[in-house]
Asker: 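Pasting a structure here, questions to come.
Below, chains carry the letters A, B, ... as their sequence lines are ordered, and counting in each starts from 1. Because the structure is predicted, anything quoted here is derived from the model rather than measured.
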2 protein chains.
Amino acid sequence: MLYIIGLGLADERDVSVKGLEVIRKAERVYLEAYTAVLLVDQKQLESYYGRSVILADREMVESQSDDILANAHEKDVAFLVVGDPFSATTHTDLALRCRQHDPPIPTRTLPNASILTAVGATGLSLYTFGQTVSMVFFTDSWKPSSFYDRIAENASLGFHTLVLLDIKVKEPDLKAMARGKIIYEPPRFMTVAQCAGQMLEVEEERQQGVCGKESLAVGVARLGSEHQQIVAGTLEELAEADLGQPLHSLVLCGKKMHEMEWEYVREFAVNQDKFDRIWKANYAGKG
Amino acid sequence: MLYIIGLGLADERDVSVKGLEVIRKAERVYLEAYTAVLLVDQKQLESYYGRSVILADREMVESQSDDILANAHEKDVAFLVVGDPFSATTHTDLALRCRQHDPPIPTRTLPNASILTAVGATGLSLYTFGQTVSMVFFTDSWKPSSFYDRIAENASLGFHTLVLLDIKVKEPDLKAMARGKIIYEPPRFMTVAQCAGQMLEVEEERQQGVCGKESLAVGVARLGSEHQQIVAGTLEELAEADLGQPLHSLVLCGKKMHEMEWEYVREFAVNQDKFDRIWKANYAGKG
């Protein structure tokens, strides 16, 4: 059996009791470590679980899944995923491979908290979110802006948009590679400020009023942990906000934002007067 | 401190390790028991937690929250919620009351799995869902159809729609009430078949092609448990499907459904040939 186990969002004790029991008994334990990271390191996990954990990077999951699935039709293998297993398509892909394996490998998924629902901590209603959008790091020559069209779709119906921010772990250093060396760059995690900045940059170009300087948004950091932080404001304000250590995400507010959502979220505002003024002028009753 | 603790979806061992530690040490433990239910009963929870649990019905949470919050500014009180705390606005409401309490009561939320993400088990991408819709039991004289407009909005952009199904627990028996007696009706849980039937009924009336007999949908039951069940098909097929014990939910597929989603979800089809034929004719490449 392949158990795909959600670890939740913050630390080694966010796993479910059921998940922990499986981890402690499994033949091998893998940790998916490239679409999200916990706020604690591998050693802390291993010490709490009492098990050694094999780090599974993108290459292993996508190209060497046979190693992960070896003898899983007879033995229990645990594949750990930060957050909830189904919040990344990679895991649907792994489950598909189990189905197609000869002999087929039974799978069981243990769900857990996901950033997709933990953003409810902002006070924004989870029922009013549209499609989820990913934001990648812009470079000088590559500024993909398809996110803008998807946010515009959500905005056309007044939905909030959750923007998931880029994570770069184990990226090869291209200059070293050109010299025939494999060196990995240090991990990078996009911040709320960088995301807001990139949104404003694309708005500047497209000019459709989808994510401008006065658009209301909420930045979140380290959700689910004791040190979580939530900051609400205009995109212009968030582009200057410092939410500290990773992981960060951003929600762009939709015009369906209800008075009760506003009442809750305004407590997190950088500048409450400004937040209230813009809400009343451009959001209240406009959804 | 008021701890609002998600219990996850299936049984007493879906709570996080961290949540369980809080429950075992808290001064009082409440269980919210009207917006969702676990698949195990209160006794099983109490025996596993080693604590007695106070059932909090709608009236207690909405009108007598002072009892729940009593001395919570000094002592730890645990408020348990099936699924994830933020998947129901009631809990935002409770957190707001803690803020406004004199003296203010600090709160901490421990997130967990939610039906909003556990539906990823269908293979449908969680990133392509629009707003979430609730379906209530129709009566002879009351058939609220506002869900139809919201599904139509989602469908206009090709989004999937998660439909959450009505739960009636501790509903007073109106006939007995007229005789001055308070008797509660037995709990009722809407099934996938009932939901699909009501959707077809409203489609018949509105005729906008939003949720007709050939619309593809996925019914789910007891997600996250060992006995979970997933059935895919047309709404007409689902109106005849029996998914057994509660809780049920339904997802109406949007036209953005990607080939990889189709490949996964077709394994659950009542009639795979029909499912494939309709997908190819009306969904593939239409999103």
Side-chain angles (χ1 to χ4, degrees), chain A residues 6 8-21 48 83-87 89 91-93 95-96 99 108-114 116-123 125-134 153-154 156-159 162 164 223-224 226 256 260-261 263-264 267, chain B residues 6 8-21 48 83-87 89 91-93 95-96 99 108-114 116-123 125-134 153-154 156-159 162 164 223-224 226 256 260-261 263-264 267:
Chain A
L9 295 165
D11 64 39
E12 71 281 4
R13 293 183 305 133
D14 285 332
V15 69
S16 68
V17 172
K18 201 181 278 171
L20 184 59
E21 289 171 5
Y48 185 75
D84 180 70
F86 288 114
S87 302
T89 48
H91 314 105
T92 312
D93 192 39
L96 261 182
R99 258 193 206 168
R108 173 132 192 245
T109 302
L110 298 184
N112 206 322
S114 162
L116 272 63
T117 46
V119 286
T122 56
S125 166
L126 295 174
Y127 296 0
T128 316
F129 279 69
Q131 60 193 328
T132 304
V133 163
S134 297
E153 287 184 336
N154 286 344
S156 73
L157 294 174
F159 298 160
L162 170 62
L164 299 175
L223 275 191
E226 270 184 277
K256 274 196 180 167
M260 197 173 143
E261 296 176 83
E263 194 185 343
Y264 199 91
E267 290 287 323
Chain B
L9 295 165
D11 63 40
E12 72 280 6
R13 293 183 305 131
D14 286 332
V15 69
S16 68
V17 172
K18 200 181 279 172
L20 184 59
E21 288 171 4
Y48 184 76
D84 180 70
F86 288 114
S87 302
T89 48
H91 313 105
T92 312
D93 192 40
L96 262 182
R99 257 193 207 169
R108 172 133 191 244
T109 301
L110 299 183
N112 206 323
S114 162
L116 271 63
T117 46
V119 287
T122 57
S125 167
L126 294 174
Y127 296 0
T128 316
F129 279 69
Q131 60 193 328
T132 303
V133 163
S134 297
E153 287 184 336
N154 285 343
S156 73
L157 294 174
F159 297 160
L162 171 62
L164 299 175
L223 275 191
E226 269 184 277
K256 273 194 180 168
M260 197 171 143
E261 296 175 83
E263 194 186 341
Y264 199 91
E267 291 286 322

Asker: Do you know which of B:P111, B:A121, B:G8 has the most heavy-atom pairs with chain A at a distance under 4.5 angstrom?
Answerer: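 Ranked by heavy-atom pairs under 4.5 Å with chain A, first place is B:A121.
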Asker: What part of A:L164 lies closer than 4.5 angstrom to a heavy atom of chain B: side chain, backbone, both or neither?
Answerer: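 Side chain only.
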Asker: Sub-3.5 Å donor-acceptor pair from the side chain of A:Y264 to the main-chain atoms of B:D93, do we have one?
Answerer: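 No: the side chain of A:Y264 does not pair with the backbone of B:D93.
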Asker: Which atoms of A:E261 come close to chain B, meaning under 4.5 Å heavy atom to heavy atom: side chain ones, backbone ones, both, or neither?
Answerer: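 Interface part for A:E261: neither.
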Asker: Out of A:N112, A:V133, A:L223, return the one with the most heavy atom pairs under 4.5 angstrom to chain B.
Answerer: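 Ranked by contacts with chain B, first place is A:N112.
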Asker: Does a side-chain N-to-carboxylate-O contact under 4.0 Å join B:K256 and A:E153?
Answerer: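 Looking at A:E153 together with B:K256, the answer is yes, because their closest N to O distance falls below 4.0 Å.
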Asker: Can you give me the closest heavy-atom contact between A:T117 and B:S87, atom names plus distance?
Answerer: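 Residues A:T117 and B:S87, closest heavy atoms: CG2-OG, 4.3 Å.
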Asker: Hey, what do you get for CG (B:L96) to CD (A:E267), rounding to the nearest 0.5 Å?
Answerer: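 That separation rounds to 8.0 Å.
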Asker: I'd like to verify something: which residue of A:V15, A:V119, A:L110, A:T128 has the highest number of heavy-atom pairs under 4.5 Å with chain B?
Answerer: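 Counting heavy-atom pairs under 4.5 Å, the top option is A:V15.
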Asker: Do you know the tightest heavy-atom contact between A:F86 and B:L126?
Answerer: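 So the two residues come closest at O-CD1, 3.4 Å.
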Asker: With only heavy atoms counted, which part of A:L20 is less than 4.5 Å from chain B, the side chain, the backbone, both or neither?
Answerer: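 The answer is the side chain of A:L20.
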Asker: Carefully, step by step, assess A:D11 and B:K18 under the rule side chain to side chain contact (heavy atoms under 4.5 Å, CB included).
Answerer: CA-CA 9 Å; A:D11 64 39; B:K18 200 181 279 172; 3.0 Å; yes
Asker: Go through the atoms of B:E263 and report whether side chain, backbone, both or neither lie under 4.5 Å from a heavy atom of chain A.
Answerer: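 For B:E263, heavy atoms of backbone and side chain both lie under 4.5 Å from chain A.
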Asker: Say you draw a straight line from CG of B:L162 to OH of A:Y127; how long is it, rounded to the nearest 0.5 Å?
Answerer: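 With rounding to 0.5 Å, CG (B:L162) is 8.5 Å from OH (A:Y127).
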Asker: Taking all heavy atoms of A:S156 and all of B:L157, pick out the closest pair and write down the distance.
Answerer: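 The answer is OG-CD1, 4.2 Å.
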